[in-house]
Amino acid sequence: QLQLVESGGGLVHPGGSLRLSCAASGFSLDYYAIGWFRQAPGKEREGVSCISSSDGTTYYADSVKGRFTISRDNAKKTAYLQMNSLTPEDTGVYYCAAAGIVPVQGVCVASTYVYWGQGTQVTVSS
């Protein structure tokens, strides 16, 4: 059984940075794709960034390209999301998730992910 726990969220001013962590326990993280998703009030859940389990291929939503960076450290069983130049539109609950099988056209689609963390709140406000 794979369990995921997010941390690193909080309140930050526009233009600031946060680094989210997703710590895994149980099974090895080696064989899972990892995704970061967010849910804002009044908005649909969206895939923010995802990374494959094999070649490290990454995906970024257009809204975060150039500002966010996803990474993983399988030895530490931890994945990260570095978020820079944050804006109020980045506010939401951020979830990490893991999937053993991800279709080519569903690399960063929430429905393809099996294991989910509890979420961590990110608030960007003046």
Side-chain angles (χ1 to χ4, degrees):
Q1 186 71 37
L2 182 66
Q3 294 182 319
L4 306 172
V5 179
E6 304 96 332
S7 62
L11 176 64
V12 64
H13 295 304
S17 298
L18 287 172
R19 188 176 78 157
L20 305 184
S21 297
C22 177
S25 62
F27 296 165
S28 173
L29 199 60
D30 296 7
Y31 309 109
Y32 295 90
I34 299 296
W36 286 97
F37 301 83
R38 67 186 179 191
Q39 180 78 56
K43 295 184 178 181
E44 297 181 346
R45 182 187 301 174
E46 64 174 331
V48 177
S49 183
C50 299
I51 185 169
S52 72
S53 62
S54 55
D55 60 3
T57 300
T58 58
Y59 163 89
Y60 296 94
D62 289 342
S63 61
V64 307
K65 285 182 179 178
R67 300 189 297 117
F68 290 12
T69 303
I70 190 171
S71 62
R72 62 190 297 162
D73 187 335
N74 290 341
K76 295 182 178 180
K77 296 184 177 181
T78 304
Y80 306 94
L81 184 67
Q82 178 67 46
M83 306 186 295
N84 299 325
S85 302
L86 287 164
T87 74
E89 289 69 39
D90 296 315
T91 294
V93 178
Y94 283 69
Y95 301 89
C96 68
I101 301 175
V102 179
V104 175
Q105 296 180 327
V107 174
C108 216
V109 176
S111 61
T112 69
Y113 285 75
V114 177
Y115 301 99
W116 292 81
Q118 84 287 357
T120 184
Q121 177 70 42
V122 172
T123 303
V124 185
S125 176
S126 299

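For clarity, every value in this text was computed on a predicted model and none was experimentally measured.
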Considering residues at least two apart in sequence or located in another chain, which fulfil the side chain to side chain contact (heavy atoms under 4.5 Å, CB included) criterion with S7? S21
Is the closest side-chain heavy-atom distance between R72 and T78 below 4.5 Å? no
Please identify each residue that fulfils side chain to side chain donor-acceptor pair (under 3.5 Å) with Q82, with sequence neighbours left out. N84
Between CD1 on residue I70 and CE on residue M83, distance to nearest 0.5 Å: 12.0 Å
Assigning hydrophobic clusters by single linkage (Ile, Leu, Val, Met, Phe, Trp, Tyr; side-chain heavy-atom cutoff under 4.5 Å), is Y95 placed with V64? no
If you measure from CD on Q39 to CD on Q121, what distance do you get to the nearest 0.5 Å? 11.0 Å
Identify the two heavy atoms, one from A61 and one from G47, that lie closest to each other, and give their separation to 0.1 Å. CB-O, 3.5 Å
With rounding to the nearest 0.5 angstrom, report the CD1 to OG distance, I34 to S52. 10.5 Å
Can you pull the salt bridge (Lys or Arg N to Asp or Glu O under 4.0 Å) pairs that have at least one residue in residues 12-23, sequence neighbours excluded? none
Just wondering, do T91 and V122 contact through their side chains at under 4.5 Å, heavy atoms? no
Going by the rule ring pair (Phe, Tyr, Trp, His ring centres under 6.0 Å), which residues pair with Y113 if we only count those two or more places apart in sequence or in a different chain? F37
Does anything in residues 84-107 form a salt bridge (Lys or Arg N to Asp or Glu O under 4.0 Å)? List the pairs, not counting sequence neighbours. R38-D90, R67-D90
Between D73 (side chain) and K76 (backbone), is there a donor-acceptor pair under 3.5 Å? yes
Can you pull the ring-ring contact (aromatic ring centres under 6.0 Å, His included) pairs that have at least one residue in residues 45-81, sequence neighbours excluded? none
Taking only residues two or more places apart in sequence or in another chain, which ones pass side chain to side chain donor-acceptor pair (under 3.5 Å) with S85? none
Residues at least two apart in sequence or cross-chain that pass side chain to side chain donor-acceptor pair (under 3.5 Å) with S28, listed by chain then number, are D30
Minimum side-chain heavy-atom gap L86-L18 below 4.5 Å: yes
Please tell me whether L29 and V102 are part of a single hydrophobic cluster in this structure, the criterion being side-chain heavy atoms less than 4.5 Å apart. no
Validate the cation-pi geometry between R45 and W116: distance from NZ or CZ to the six-membered ring centre under 6.0 Å, angle to the ring axis within 45°. yes
Output for pair (Q1 CD, S25 OG), nearest 0.5 Å, gives 9.0 Å
Under the side chain to side chain contact (heavy atoms under 4.5 Å, CB included) test, which residues partner L11, sequence neighbours left out? T123, S125
Please answer: with hydrophobic residues joined when any side-chain heavy atoms are less than 4.5 Å apart, are V12 and V48 in the same cluster? yes
Can you tell me which residue pairs pass the disulfide (SG to SG under 2.5 Å) test with a partner in residues 69-126, sequence neighbours excluded? C22-C96, C50-C108
Tell me, please, which residues at least two apart from T69 pass side chain to side chain donor-acceptor pair (under 3.5 Å). none
Quick check: is Y31 connected to F27 through a chain of hydrophobic side chains (ILVMFWY, heavy atoms under 4.5 Å apart)? no
OH/Y115: more than 12 non-hydrogen atoms of other groups inside 6.0 Å: yes
Listed by chain and number, what are the side chain to side chain contact (heavy atoms under 4.5 Å, CB included) partners of T120, not counting sequence neighbours? E6, L20, Y94
